[in-house]
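The sequence lines fix the lettering, A, B, ..., with proteins before strands; numbering per chain opens at 1.
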Amino acid sequence: MSWPPFPSPPDLSGAARLQRELVNAVELNGDWSKVGLLAALDASIKRGESLVAAAVLWDVQNESVLRVAVAKMPPQKVFPYVPGYLSFREAPVYLAALETLGTTPDALLVDGQGIAHPRGLGVAAHLGVHTGLPSIGVAKSRLFGGAAGVLDQKEGCAVPLCSERALVGTPCREGLQVGWLFRSRTAVKPVYLSPGHKVSMSETLRFVASLPRSTKLPEPLRQAHLWAGRARREGLAEGLVFE
DNA sequence: GCGACAG
DNA sequence: ATCTTGTCGC
C-alpha cells in the first residue's frame, strides 16, 4: 500500500498531455463480484484553508464502515480547481488518505467522474490507473456526455450516458457509452456513474446499484463526505479518526 | 465569439 | 466545493 507520488504538472497543457498519455492505460473490464473491501473517497475545502480528504474503508458484505482515515494538504500546495483537471487537485490528498488507511482496498469509489471526461480520464480513472486499483466514479453533476433517453423517476432506474463527440487518440467515438445516469432515489436528481479502471460498464452499474443508499449518494460515499466535512470544520488531526 | 464547465 | 432560511414530505 505504497504508491508513487502523484504527478503535479506545471500548467494545464502539461496536465492535459499527461491525461492523454495515461488514458491508454485504462482497462474497461473486470469482475467486481468478489470486492469485499471498498475505499470511498471525498474531499472538503474552504477558501484559504487546507484541502481535507476522507477515506472510508467499507465492508461490502456487512454494509458497514470499518475504518476512516483523514489527510490534509496545505492551500499553497493545492492545484487550482479547473473543470477537467480535478484529479490534479484531489488525487494527491486521496492517495495520502489511502496510505493512512493502512489496508489496501479491493477497489475505490470516488466522488467525481471516471471515463466520462473530455479526455477520458476523470479523477476516478486517473486514481485507478495510478494505483493499479479497480475504481468507479460517482459524480453529482455532469461534466461530459449526454443521457441516451429519458430517465425514469423511479429509484434504481438508469439510462446510458453517451459521448457527445469522438475523443481523438482513443477508441471513443461520438455516441459511445461512457457511463450511466442513475436514479439512486425516487424523484431525486440522479448521479453520474462511470467506469474508472478495471471495471466494465455493466459492472459499474451493477456494483453501485447494489450498495445501500439513503440519499442520492451511495452510503460509503455519503460517509466519506460527512467525515471530510467534519474533519475540516472540527479541525481533526490527520490519521485514523475511526475504529 | 459563445456556451459549458466533476469539485 | 461552501453558505443559508425556509419549506415540503414521510
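Paired runs in DNA chain B never reach 3 or more consecutive Watson-Crick or G-U pairs with both distances under 3.5 Å. Taking a pair as Watson-Crick or G-U wobble with both distances under 3.5 Å, DNA chain C contains no run of three or more consecutive pairs.
Put simply, the side chain of A:Arg232 never gets that close to the backbone of A:Ser44: no donor and acceptor are under 3.5 Å apart. Using a distance-only test at 3.5 Å, with no hydrogens or angles considered, no donor-acceptor pair links the side chain of A:His197 to the main chain of A:Ile136.
The residue A:Ile45 sits close only to the backbone: its heavy atoms come under 4.0 Å of sugar-phosphate atoms, none of a base. Nucleic acid contact for A:Phe79: none, since no nucleic acid atom lies under 4.0 Å from a heavy atom of the residue. In this structure, A:His225 reaches the sugar-phosphate backbone alone: every heavy-atom distance under 4.0 Å involves primed, P, OP1 or OP2 atoms, never a base. Within 4.0 Å (heavy atoms only), A:Arg142 reaches sugar-phosphate atoms of the nucleic acid but no base atom. The residue A:Glu90 sits close only to the backbone: its heavy atoms come under 4.0 Å of sugar-phosphate atoms, none of a base. Using a 4.0 Å heavy-atom cutoff across all strands shown, A:Arg232 reaches sugar-phosphate atoms only and no base atom.
At a threshold of 4.0 Å, the pair A:Glu203-A:Lys198 does not count as salt-bridged, since none of the basic side-chain nitrogens sits closer than that to a carboxylate oxygen.
Using a 4.5 Å heavy-atom cutoff, the side chains of A:Leu41 and A:Leu98 are in contact. A:Leu95 places a side-chain heavy atom less than 4.5 Å from the side chain of A:His130. Here the side chains of A:Leu108 and A:Leu127 are in contact, with some heavy-atom distance below 4.5 Å.
A:Trp227 and A:Phe242 have tilted rings, their planes meeting at an angle from 30° to 60° on a 0 to 90° scale. The aromatic rings of A:Phe88 and A:His126 sit perpendicular, their planes meeting at an angle over 60°, well past the 30° parallel limit.
To the nearest 0.5 Å, the span separating CG on A:Leu167 from CZ on A:Arg173 amounts to 9.5 Å. Residue A:Arg230 holds its CZ atom at 7.0 Å from CD of A:Gln223, rounded to the nearest 0.5 Å.
Put simply, the residue from A:Pro195, A:Ser194, A:Ser135 that forms a side-chain contact (heavy atoms from CB on, under 4.5 Å) with A:Thr204 is A:Pro195.
First and last contacts of DNA chain B with chain A, using any nucleotide atom under 4.0 Å from a protein heavy atom and ordered 5' to 3', fall at B:dA4 to B:dG7. Chain A approaches DNA chain C within less than 4.0 angstrom (heavy atoms of the protein), and the contacting nucleotides run 5' to 3' from C:dA1 to C:dC3.
Under the side chain to side chain contact (heavy atoms under 4.5 Å, CB included) criterion, A:Arg185 pairs with A:Glu155, A:Val188, not counting sequence neighbours.
Residue pairs that meet the side-chain hydrogen bond (donor to acceptor under 3.5 Å, both in side chains) test with at least one member in residues 51-65 of chain A, sequence neighbours left out, are A:Asp59-A:Asn62.
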